[in-house]
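For reference, the structure is listed below as structure tokens.
Computed from a predicted structure; not experimentally measured. Just so you know, ligand 1 is whichever comes first in the structure, and atom 1 is the first atom listed for that ligand.
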Amino acid sequence: MSDTTRPSALGSTGASELFQLLRDGRPRTRAELAAMTGLARSTVGLRLDALSALGLVGPFADAVSTGGRPPSRVAMIPSARVVLGADFGAGHLTTALTDLMGEVLLSRHVELAIADGPEAVLTTMVAEADALLADLGRSRDDLIGVGIGLPGPVQFSTGRPVNPPIMPGWDGFDVPGWVRRHLDVPVLVDNDVNIMALGERSHAFTGTDHFLFVKVATGIGSGIISSGRLQRGAQGIAGDIGHVQIPRGAGIPCHCGNVGCLEAVASGPAIAASLRRTGRDVPGGKEVIDLVRAGDLDAIMAVRQAGRDLGEVLTACVNLINPSVIAIGGSMAQAGEHLIAGVREVVYSRSMPLATEHLSIVQSRAGDRAAIIGASMLAIHHALSPAAIDELAAAV
Ligand SMILES: [Zn+2]
């Protein structure tokens, strides 16, 4: 029988759809679920039985017990399974196991060189995953999905990197295929800024449907959430604002081969270079942050100017996609209000009044956890989708 005609185990019971209602973690009575779905209570009962058999749903222990009566409410069990989130940078890997609500249970951090190539680096990731599972007393059987963020462009539909500039050997590599041979669960791969946008929104802006996340670090990029959905664009490079030309960049070469790019003027290394031109000994972005924190006026002014440069490009973004929140993250956001003040100065004065009336420009609240939360959310979103729950049930 073909896949299109074979009724899935849950296709006949509809449990995967019922489960979508319980994914918010709130406990509900059978009567409430019947009212929400329009189904008979007996039907709701059958579907809950199927979900309990998977261990995904169970009786909710009410805070005030009424004695020997059976529990009246059911809820998703967030600890039923775990997902692995992995965030790769040029020189590091952070991994975490989260529960089904995206709560980080345990995380690990190792230094590595992404330039060592996919097999070496992904082997480390699998070893880190096993170490996390062991530390939590869980096994690979408990793992329900893997989400990976990579520091370069990724074709999301295949999980393959596309000409990533700092990742030699990764171009076109089948990341999900390789990982699945070791951890046999769905594997989702996206670029690091997109997963940071997902993580930031899920951490602090769940109700914000028009949201822009901007990463300012060694490079500059953004992740766009419009009408509640992450926008990757036709080739997966939507939001790549680092190579937009800005007036103050005139004549400054960028590593992309063009001149005058935002990234060549306002990234961490670019700010450090501008301070070095005044005779200061500032090796990189980290030292810029240190100087800002120490109250160094030159460094503060350089960071504020970088914020204004960023504001030039973000003004166009605001007029184009009309976000209600812009969150600024990445390592340079640790310069705090100085960077953001520069952004606000330009965006609020240059954008259309209607576009800025309800616009907040804020520092990332998830901070250095944005990527790992987002990688996990990517995996959870896939692993708990109706199709994936059907597949799980079919395998029981
Ligand atoms: Zn460039």
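Taking a cutoff of 4.0 Å between a charged side-chain nitrogen and a carboxylate oxygen, Arg248 and Glu312 do not qualify as a salt bridge.
Scored by the ring pair (Phe, Tyr, Trp, His ring centres under 6.0 Å) test, Phe19 finds no partners at all (sequence neighbours excluded).
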Show me the side-chain donor-acceptor pairs of residues 76-91 shorter than 3.5 Å, one per line, residues at least two apart or across chains.
{"from": "Arg81", "atom 1": "NH2", "to": "Leu54", "atom 2": "O", "distance (Å)": "3.4"}
{"from": "Asp87", "atom 1": "OD2", "to": "His92", "atom 2": "NE2", "distance (Å)": "3.4"}

What donor-acceptor contacts under 3.5 angstrom involve side-chain atoms of residues 253-268, with partners at least two apart or in another chain?
{"from": "His255", "atom 1": "NE2", "to": "Glu263", "atom 2": "OE2", "distance (Å)": "2.7"}
{"from": "Glu263", "atom 1": "OE1", "to": "Ile220", "atom 2": "N", "distance (Å)": "3.0"}
{"from": "Ser267", "atom 1": "OG", "to": "Glu263", "atom 2": "O", "distance (Å)": "2.8"}
{"from": "Ser267", "atom 1": "OG", "to": "Ala270", "atom 2": "N", "distance (Å)": "3.3"}

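Aromatic ring orientation, Phe213 versus Phe211: tilted (interplanar angle from 30° to 60°).
Exactly one residue among Asn194, Ile224, Asn191 makes a side chain to side chain contact (heavy atoms under 4.5 Å, CB included) with Arg232. That residue is Asn194.
Atoms of the protein (N, O or S only) found under 2.8 Å from the Zn ion (ligand 1) are His243 ND1, Cys254 SG, Cys256 SG, Cys261 SG.
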